> 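Quick one: structure below, then a few questions.
Order of the sequence lines fixes the chain letters, A, B, ..., with proteins taken first and strands second; residue numbering starts at 1 for each chain. Remember, predicted model here, so these are calculated numbers, not experimental data.
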Amino acid sequence: MPQVRTRFAPSPTGYLHIGGARTALFNYLYARHCGGKFVLRIEDTDRQRSTPEAIDAILRSMEWLQLEWDEGPFYQTERMDLYQERLHALLSAGDAYPCVCTPETLDAKRQAAMAEKRKPMYDGTCRPVEREAVPLPEGIPFTIRFRSPESGATVVDDKVKGRVEFDNRELDDLILARSDGSPTYNFCVVCDDIDMGITHIVRGDDHLSNTPRQMQLYRALGSEPPVFAHVPLILGEDKKRLSKRHGATSVMAYRDMGYFPEALNNYLVRLGWSHGDQEIFDAQELMEKFDIDAVGKSSAVFNPEKLLWLNAHYLKSRPLPQLAEEVTPYLSAKGYAEPRDRAWLEKMVDTLRERAKSLVELVDMAHYFLAESVDIDDKAGRKHLVPEAKNLLQEVSRKLGNLADFNEAGIEQVFGDVIAERGIKLGKVAQPVRVALTGSTVSPGIYEVIDVLGRDVTLTRLATGVRYIDAHLPTQD
RNA sequence: GGUCCCAUCGUCUAGCGGUUAGGACGCUGGCCUCUCACGCCAGAAACACGGGUUCGAGUCCCGUUGGGAUCACCA
């Protein structure tokens, strides 16, 4: 059994989207699982639509997802000699022939066929009666077409879909090279996959209908087709193929929204593949356990909630130093200055990680730790910063000011003393303090908040809280 | 429309002839509790329909319905 070689072959006409990422993931994992090679090839033969920006975006997305390719990236535009050579081989064998039909007449025939509810197929106007090499026309533009068999059937023995049979009469003579001489997709893929020794083609099932033609090309080119595995498409909420209309679909958008590459990979791999009841997989496990055999046949709807849940899982289980490191770019993205020091950053992140589901959300929740001062939410202020609380705030402030060791244990002691002395519930004092310190009724544990804020900021905000109470005394009517 | 693919809770899925049809997300209720989360416990929620085959069908076959993909000098 020769070494397994898979490939991911995106066309650089836009960013790397979720569906493409999953295809890349499957190819990557399958190669790793088999101890084979994963090659990256950029299909940029459409010069009109391919851009260097898109190439860059795809490469960066792959790197971010840690889908490391072993060979490439190869660019089809740099491999024109190969296609020319193969084209001539086909031509001289009579497996391809020039076609002088103009796009206009082709289009007109297509319209007519559609109007009559006939299948819009090439009618074979330029196809030689016999399989023979014909001289190329001179002085007029022409395309090169593949001479496909007109009878029989082509069978795709697909690893996920099973046996699929196509009647050859359904397949018309596809264009191999455009009138400007440039080769087209179906031809380039086959030449490249043969040349690169690809053994397994794992791709979206939107390519299933191209497969019989590609198999015929393999044979005309003297090669046996590789193993095909057509994985189901990812659908949007409306059950339509996932597209921009469904919101964020680019891999980089997920990075920017504060998702971890591990979470995205873990989510994506479970869309169409499963391993019993297991939901969480680390990178190593994926390489061990992933197999095409366990890929399902039906398409899957993209579910942002589950992705978010997975992201929260990775957020909670990340080693703290790593998490703090990863938060940093999101901090500066929001315009916050460098945190005072590492230890403090880690402490802060640690208080928030259980409550946030993404890095962006974590940074948003951290505003009262990072901003100079805090805006007191109106509703929270009216409910908790009331006259009865003034005294409590002052008492807490005084005790905190006198605290010898300003740490969580000491802070807890302060609150313990206050409620014991006054015989009140902790909530009675914790909520006003929380509102004064964070501006809202929701935050991590109050001792943690105070500890992270530090003595100076805490006392300042407590004082501000007291002033808020004075400024919002109930009116006397 | 032709061709091809698909069909278990709302969603992702387990199931590979005999199960109280399992898990996960989300949802609801409860517990924990200084708030919110986390966590824990409980609950509602599915085999599209109709024929066969079989002692027995979510599982096999056929049809219907529904959904999707594809029909370029795009990839």
> Considering only B/G1, B/C25, B/C73, which nucleotide approaches the side chain of A/Pro120 most closely?
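Looking only at heavy atoms from C-beta outward on A/Pro120, the closest nucleotide is B/G1.
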> In terms of side-chain heavy atoms of A/Lys306, which of B/C73, B/G23, B/A69 is nearest?
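Side chain of A/Lys306 sits closest to B/G23.
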> Which comes earlier along RNA chain B counting from the 5' end, the contact point of A/Trp309 or that of A/Gly445, where each point is its nearest nucleotide?
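Looking at the nearest nucleotide for each, A/Trp309 comes out on the 5' side.
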> So what does A/Pro444 touch, heavy atoms closer than 4.0 Å: a base, only the sugar-phosphate, or nothing?
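The answer is base, as A/Pro444 lies within the cut-off (heavy atoms under 4.0 Å) of a base atom.
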> Hey, is A/Lys347 close enough to A/Glu448 for a salt bridge, meaning N to O under 4.0 Å?
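No, no charged N to carboxylate O under 4.0 Å.
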> Give A/Tyr447 one of three labels, base, sugar-phosphate or nothing, depending on what nucleic acid heavy atoms sit under 4.0 Å from its own.
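If one applies the 4.0 Å heavy-atom cut-off, A/Tyr447 turns out to touch a base.
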> Remember a base hit wins even if backbone is also touched, and classify A/Ser443 as base, sugar-phosphate or nothing at under 4.0 Å, heavy atoms.
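Result for A/Ser443 = base.
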> Using a cut-off of 4.0 Å on non-hydrogen atoms, how would the nucleic acid contact of A/Leu208 be classed: base, sugar-phosphate, or nothing?
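Contact class for A/Leu208: sugar-phosphate only.
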> So, is A/Lys425 near the phosphate of B/U33, with a side-chain N or O under 4.0 Å from OP1 or OP2?
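So the side chain of A/Lys425 is outside the cut-off, no N or O lying under 4.0 Å from OP1 or OP2 of B/U33.
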> Let me see the working for A/Asp206 and A/Arg241 under salt bridge (Lys or Arg N to Asp or Glu O under 4.0 Å), right down to the final yes or no.
CA-CA 10 Å; A/Asp206 51 335; A/Arg241 184 180 180 154; 2.9 Å; yes
> What's A/Glu170 touching, base or sugar-phosphate or nothing? Going by heavy atoms closer than 4.0 Å.
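The answer is sugar-phosphate, as A/Glu170 gets under 4.0 Å only of primed atoms, P, OP1 or OP2.
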> NA contact type, A/Gly204, heavy-atom cut-off 4.0 Å: base, sugar-phosphate, or nothing?
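The residue A/Gly204 makes no contact with any strand.
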> Among B/A69, B/G23, B/A75, find the nucleotide with the atom closest to the side chain of A/Asp277.
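Ranking B/A69, B/G23, B/A75 by closest atom to the A/Asp277 side chain puts B/G23 first.
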> Using OP1 and OP2 only, check whether a side-chain N or O of A/Lys119 sits under 4.0 Å from B/U3.
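No, outside the criterion.
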> For B/C73, does either OP1 or OP2 sit under 4.0 Å from a side-chain N or O belonging to A/Thr184?
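So the side-chain polar atoms of A/Thr184 never come under 4.0 Å of the phosphate oxygens OP1 or OP2 of B/C73.
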> Classify A/Lys428 by what it touches in the nucleic acid, base, sugar-phosphate, or nothing, heavy-atom distance under 4.0 Å.
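A/Lys428: no heavy atom of the nucleic acid under 4.0 Å.
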> Quick one: label A/His207 by what it contacts on the DNA or RNA (base, sugar-phosphate, nothing), any heavy atom closer than 4.0 Å.
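Answer is base: heavy atoms of A/His207 come under 4.0 Å of a base.
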> Which nucleotide in the list B/A75, B/G68, B/C12 gets nearest to the side chain of A/Lys240?
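The listed nucleotide nearest to A/Lys240's side chain is B/G68.
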> Side chains of A/Thr125 and A/Lys109: do they bring a donor and an acceptor to under 3.5 Å?
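Yes, a side-chain donor-acceptor pair sits under 3.5 Å.
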> Could you tell me whether A/Ser182 contacts a base, only the sugar-phosphate backbone, or nothing, with contacts defined as non-hydrogen atoms closer than 4.0 Å?
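Touches nothing.
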> Check whether any side-chain N or O of A/Arg110 sits under 4.0 Å from OP1 or OP2 of B/G2, and answer yes or no.
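Checking B/G2 against A/Arg110, no side-chain N or O comes under 4.0 Å of OP1 or OP2.
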> Would A/Arg79 and A/Asp192 pass as an ion pair if we require N to O under 4.0 Å?
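Looking at A/Asp192 together with A/Arg79, the answer is yes, because their closest N to O distance falls below 4.0 Å.
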> Among the nucleotides B/A69, B/C73, B/C6, which one has an atom lying closest to any side-chain atom of A/Ser298?
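Per side-chain heavy atoms of A/Ser298, the pick is B/C6.
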> Between A/Lys316 and A/Glu354, is the closest basic N to carboxylate O distance under 4.0 Å?
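Answer for the salt bridge query: no.
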> Give a yes/no on whether any side-chain N or O of A/Arg178 is located under 4.0 angstrom from OP1 or OP2 of B/A72.
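For A/Arg178, the contact criterion (side-chain N or O under 4.0 Å from OP1 or OP2 of B/A72) is not met.
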> Within the structure shown, what part of the strands sits under 4.0 Å from A/Asn210 by heavy-atom distance: base, sugar-phosphate, or nothing?
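Here A/Asn210 touches the bases of the nucleic acid.
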> If we count only N and O atoms by modelled type, under 3.5 Å, do the side chains of A/Asn168 and A/Glu150 hold a donor and an acceptor together?
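No, because no side-chain N or O of A/Asn168 sits under 3.5 Å from a partner of the opposite role on A/Glu150.
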> Considering just the side-chain nitrogens and oxygens of A/Lys161, establish if one lies under 4.0 Å of OP1 or OP2 belonging to B/C5.
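Indeed not, no polar side-chain atom of A/Lys161 lies that close.
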> Both A/Arg434 and A/Leu271 contact RNA chain B. Which one's nearest nucleotide lies toward the 5' end?
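Comparing both residues, the 5'-ward one is A/Leu271.
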> Hey, is the side chain of A/Ser11 poking within less than 4.0 Å of OP1 or OP2 on B/C74, counting only N and O atoms?
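Result: no.
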> Using atom CG of A/Asp205 as one end and atom P of B/U70 as the other, report the distance to the nearest whole Å.
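After rounding, the reported distance stands at 9 Å.
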